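Shown next, in structure tokens, is the structure this report addresses.
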Amino acid sequence: DVKVTQSSRYLVKRTGEKVFLECVQDMDHENMFWYRQDPGLGLRLIYFSYDVKMKEKGDIPEGYSVSREKKERFSLILESASTNQTSMYLCASSLSPGKGETQYFGPGTRLLVL
Amino acid sequence: DAKTTQPNSMESNEEEPVHLPCNHSTISGTDYIHWYRQLPSQGPEYVIHGLTSNVNNRMASLAIAEDRKSSTLILHRATLRDAAVYYCILRGSNYQLIWGAGTKLIIKP
């Protein structure tokens, strides 16, 4: 079974702090994704990566950056956390970029920015 | 990018079949139709996907209309553990999944 793990289930940070969210997958998948999920808005793509050291902006990249130094690990960075970044953050991975691919999700990190 | 339309919520009785509808009238010829579900306090999980023909797996069946403008996810015998938000999704132009608000499925015992 594919396993996607996220470093924390719950996180509380203060405005202005730098926040690191880590995601690791164990199935040698090429692609990794970061989403945020807010009530009534569904999932919105922040960034994705098709290869090591490669990144592409999603729909809402502002205020975020990412890092993929190793194939299995994809990090989401909030350079200076703000209260409007309070959300559920979901990491996903998939094997290949084909249109029929399946994405596998981690359990999510619920971030509260005070 | 093509979008999907789903009812906000549906109710069903336990051990009865459930038909979850999805409209995607602007679907392109090469867009796959994906279904995911999200149980409370968990990340989404894959349910099924298809292109043109109906598909079956151990979790569900996917019935795709002949013109591909709509599809239906069928849970053959719903259990309380099937209570979740079900998302009908098409692939975007950048191979991204375009997520809508989904259908909240309520199962009554």
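What you see is a predicted model, and the numbers here were worked out from it, not measured in a lab.
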Quick check: is [Y] connected to [X] through a chain of hydrophobic side chains (ILVMFWY, heavy atoms under 4.5 Å apart)?
X: B:Ile64; Y: B:Tyr86; answer: yes
X: A:Ile60; Y: A:Val19; answer: yes
X: A:Tyr47; Y: A:Tyr50; answer: no
X: B:Tyr46; Y: B:Tyr87; answer: yes
X: A:Val66; Y: A:Phe48; answer: no

In terms of heavy-atom proximity below 4.5 Å to chain B, should A:Arg44 be classed as side chain, backbone, both, or neither?
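Neither part.
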Considering only heavy atoms, which portion of A:Glu56 lies under 4.5 Å from any heavy atom of chain B: side chain, backbone, both, or neither?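 Neither part, no heavy atoms under 4.5 Å.
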TODO: For each of A:Leu43, A:Leu45, A:Asp59, A:Leu90, tally heavy-atom pairs with chain B at distances under 4.5 Å, and name the one with the top tally.
DONE: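 Option with the greatest count: A:Leu43.
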Show the nearest heavy-atom pair for residues A:Gln103 and B:Tyr36, with the distance to one decimal.
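Of all heavy-atom pairs spanning A:Gln103 and B:Tyr36, the closest is N-OH, 2.7 Å.
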B:Trp99/A:Phe33 under ring pair (Phe, Tyr, Trp, His ring centres under 6.0 Å): CA gap, chis, key distance, verdict: CA-CA 14 Å; B:Trp99 296 76; A:Phe33 306 83; over 10 Å; no
